[in-house]
Amino acid sequence: MTGAGANIGAAKHEIRRMILAAREAMTPDDRVSAGAALARHGLDRWVGRTRVAAYLDVGTEPPTRPLLDDLAATGCEIVVPVVSGEELDWVRYQPGGDVTTGALGVDEPTGERLGPTALRAAEVILVPALAVDRHGNRLGRGRGYYDRALASVTTPVVAITYDDELVESVPVEPHDRQVQAVLRPAGYVPC
């Protein structure tokens, strides 16, 4: 990577470092409160959906499981990713179901793999993000799994962040996929 590409990469790295440090400084109570608020806002917005694609939070990420459990309780089918080589496959999420540690060291449900195209049947796709700007530019962890998965869908994509992770500007590269909205503990924000 040279020139502008190197500068963008360095800028992304610095933003990731700062956000991960801020997340580490949060208390467990802060995370629990954030998860409850995300569940409340998300349930209000997506109750009645038949399939939502989401993800299982890991480490200091905003807690998604309260929202997934609440949506599942309404009869919504939840599909979450499992890593399969360089792409994401999808598995049905069952509250309290068996999980295993996947290839990237994150929780992945066990169960029947639905294939990469299962994402296309979702009515909304919830994705992790470290930061999102008001134009819908999303900063992930940098491995590109979601950018590749989202390249072939037209379903609305919503990033889940903490409140202070909706920022003025996120560095963008040609392969980066935008989101249409952000769900934060403070509420839903269209981009």
Side-chain angles (χ1 to χ4, degrees), residues 12-13 15-39 42-43 46 51-73 76-122 124-132 138-153 155 157-162 165 175-177 179 183-185:
K12 285 182 169 185
H13 176 76
I15 294 169
R16 286 184 184 109
R17 187 193 64 73
M18 290 175 11
I19 290 172
L20 290 170
R23 285 182 174 185
E24 284 292 330
M26 294 177 72
T27 67
D29 287 344
D30 291 338
R31 286 189 199 73
V32 168
S33 294
L38 290 167
L43 187 62
W46 298 303
R51 180 185 271 186
V52 170
Y55 65 97
L56 301 179
D57 62 274
V58 62
T60 60
E61 288 181 334
T64 58
R65 294 173 207 223
L67 172 58
L68 303 186
D69 291 352
D70 288 352
L71 284 170
C76 181
E77 179 186 47
I78 309 294
V79 295
V80 296
V82 295
V83 174
S84 179
E86 290 298 311
E87 64 183 1
L88 297 178
D89 200 336
W90 300 86
V91 174
R92 284 181 188 86
Y93 170 75
Q94 299 294 325
D98 291 336
V99 296
T100 187
T101 302
L104 298 178
V106 299
D107 286 348
E108 294 180 347
T110 58
E112 177 188 358
R113 295 204 175 192
L114 306 173
T117 59
L119 188 59
R120 294 183 191 146
V124 65
I125 301 169
L126 307 178
V127 299
L130 291 170
V132 177
R138 171 188 163 270
L139 179 66
R141 298 260 181 172
R143 292 192 173 122
Y145 285 98
Y146 280 97
D147 291 321
R148 287 187 294 277
L150 298 174
S152 64
V153 298
T155 305
V157 179
V158 178
I160 297 181
T161 69
Y162 290 108
E165 296 169 358
H175 65 269
D176 292 331
R177 299 289 177 230
V179 299
L183 179 66
R184 311 176 308 153

* Could you tell me the separation between the CH2 atom of W90 and the CD atom of E108, rounded to the nearest 0.5 Å? => 11.0 Å
* Any salt bridge between R138 and D176, counting N to O under 4.0 Å? -> no
* Asked: With respect to T110, which candidate in V82, D98, V91, V99 satisfies the side-chain contact (heavy atoms from CB on, under 4.5 Å) definition?
  -> D98
* **Electrostatic pair D30-R23, nearest N-O below 4.0 angstrom** => no
* Asked: Just wondering, do K12 and R17 contact through their side chains at under 4.5 Å, heavy atoms?
  -> no
* To do: Would you give the length of the straight line joining atom OH of Y146 to atom CD of E87, rounded to the nearest 0.5 angstrom?
  => 13.5 Å
* Asked: Hey, what do you get for CZ (R65) to CG (L38), rounding to the nearest 0.5 Å?
  -> 14.0 Å
* **Matching residue for L56 among P63, P81, P109 - test: side-chain contact (heavy atoms from CB on, under 4.5 Å)** => P109
* Could you state the interatomic distance from CD1 (I15) to CG (L20), rounded to the nearest 0.5 Å? -> 11.5 Å
* Starting at OG of S152, measure out to CG of L119 and round the result to the nearest 0.5 Å. => 7.0 Å
* Closest approach of P66 to G35 (non-hydrogen atoms, all atoms of both residues) -> CB-O, 3.9 Å
* How close do L130 and G140 get, heavy atom to heavy atom, and via which atoms? -> CD1-O, 3.5 Å
* Test log, rule side-chain contact (heavy atoms from CB on, under 4.5 Å), inputs R92 and L114 -> CA-CA 8 Å; R92 284 181 188 86; L114 306 173; 3.2 Å; yes
* Evaluate the criterion side-chain contact (heavy atoms from CB on, under 4.5 Å) for residue pair R113 and S84; output intermediate values, then yes/no. => CA-CA 10 Å; R113 295 204 175 192; S84 179; 3.8 Å; yes
* Lys NZ or Arg CZ of R148 over Y145 ring: under 6.0 Å, within 45° -> yes
* **Criterion side-chain contact (heavy atoms from CB on, under 4.5 Å) on R31 and T60, from CA distance to verdict** => CA-CA 8 Å; R31 286 189 199 73; T60 60; 3.1 Å; yes
* **Minimum heavy-atom distance between A121 and R51, given as atom pair plus value** => CB-NH1, 3.3 Å
* Within-4.5 Å side-chain heavy-atom neighbours: L67 and L183 -> yes
* Answer whether the closest heavy-atom distance between the side chains of V52 and L126 falls below 4.5 Å. => yes
* **Pair D57-T64, side-chain donor/acceptor within less than 3.5 Å** => yes
* Begin from the C-alpha positions of L71 and L43 and carry the test side-chain contact (heavy atoms from CB on, under 4.5 Å) through to its verdict. => CA-CA 6 Å; L71 284 170; L43 187 62; 3.8 Å; yes
* **Pairwise side-chain contact, L150 with I125, heavy-atom cut-off 4.5 Å (strictly under)** => yes
* **Nearest atoms (heavy-atom pairs only) where Y55 meets P128** => CE2-N, 3.3 Å
